[in-house]
**Student:** 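Supplied in structure tokens, the structure appears directly below.
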Amino acid sequence: MTSSSVSPSHIAAVSSSLEANKSDLNNVSQAIWNKPETMFNEVFAHQLLTEFLEKQGFTVAKRYGVDPTAFRAEFQSANYQKGVHPTVGVMCEYDALPEIGHACGHNLIATSAIATGLAVRDILRNLNLQNDAERVDGRLSLLQVVVLGTPAEEGGGGKVNLINHGAFQDIDFAMMVHPFANNDLEPVILGIERVAVEFQGKAAHASCGPWEGVNALDAAVALYHNVSLFRQQMQPNWRIHGIIMEGGTKPNIIPDHTKSNYYLRTITSTDMAYLKERFLAMVNAAASATGCTVNVMWEPNPYTGMLHNSAMSQVYKSFSEADGVIFPLHVPGFNGSTDMGNVSLTVPSIHPGYALGRHSMIHTRDFEALAGTPEGLHFTLLAAKSMALTCTELFLNKNMQEQCKREFAERIKGFTTN
Ligand SMILES: [Zn+2]
Ligand SMILES: [Zn+2]
């Protein structure tokens, strides 16, 4: 990292902002945690967060883009001009899981985003940024922070819809943090394609005249085997996993219709294109071997892998380490998927994971409980502090901006076929 432009007074300003707003931030976190809403139904959280940010002086667009539970909240320094001066987008997730509520801790992600927004607002309001920015590039400080409300991370792809809506056209850098089992600066995040495969055969009596049937369950099982056989040839970070959703109705009827669901995961889009091609060959082989016809339906809004911007994540890391956070060199890989991957191929982005004081795996009832505790809030505000200071660094340090953009331009070439 080049020498930091963040001064002790900036750090003190962020700390006192977080301290002053702690009780309000806790209330927001608790309210969302107590009322879990699944993807695209985050009506309560949308209302709560937009009203909160409006009261705090942000310019808020509710129901932003195509999803009624998305929003955009902006705060600018005076004389800011859109498209001319730097903007940092902080991603705000708030959807929950069916049955196990906020077991992914998105109430804490929402809290981290608004805490960061408030701290940056206070920096922009209270400090003599004009002198800081003049020192850097000879101009007055003209900056913007956007808290972007991104619904439906758990499957619907709210961020993909926002990208398609043009929400990132004036955002130069994007960031978010996610509570995890471990502190993980650049967790492995795989792209994901979800697909349903329906085989169509012909029903027949399984004992009186099975030769008159065409067995759609055999096709589904053949596909499952083909995938299992191929797994040995997959790269360590690729995944294919599937289940048979519909496998027939009665043992004495040759099944004429089956449905299987599969998820395919790779880091790069280039690998994903190859894996999809192989998967389709396995599907067609299963159909051909059994004489079935097949219908393959890919879900919309696939998630891409995450291209971590190391120049940005190193800045985040240095601020976190100054607060005593330790990032172990070797942690079990995350290997999940998120629509933040798509954002990371749009603008330079980071997505560090942070632990909540003890080991607990996301998507468990234990993690759901942890996401509602004072410890959960404590470590979330610590992560928000590092995000707010990373924003400040980006705003003040023109070299850093250029370094992040240069890295993005160089590394994206190997990441995607586009
Ligand atoms: Zn999750
Ligand atoms: Zn999550």
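First listed ligand is number 1; within each ligand, the first listed atom is number 1.
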**Student:** Kindly compute the distance separating CG (L370) from NE2 (H359), expressed to the nearest 0.5 Å.
**Tutor:** 11.0 Å
**Student:** What I want to find out is whether K55 reaches D24 closely enough, with some N-O distance under 4.0 Å, to be called a salt bridge.
**Tutor:** no
**Student:** Among the N/O/S atoms of H178, select the one at the shortest distance from the Zn ion (ligand 2) and name it.
**Tutor:** NE2
**Student:** Mark yes or no for whether D95, through its side chain, and P151, through its backbone, hold a donor-acceptor pair below 3.5 Å.
**Tutor:**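 No, the answer is negative, given that no donor and acceptor are paired below the 3.5 Å cut-off.
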**Student:** Rounded to the nearest 10 degrees, what's the angle NE2 of H106 makes with SG of C104 at the Zn ion (ligand 2)? Could you check?
**Tutor:**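 Between NE2 of H106 and SG of C104, the angle at the Zn ion (ligand 2) is about 100°.
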**Student:** Could R265 and Y303 be counted as a cation-pi pair, given that NZ or CZ must be under 6.0 Å from the ring centre and within 45° of the axis?
**Tutor:** no
**Student:** Tell me, which N, O or S atom in E154 is closest to the Zn ion (ligand 1)?
**Tutor:** OE2
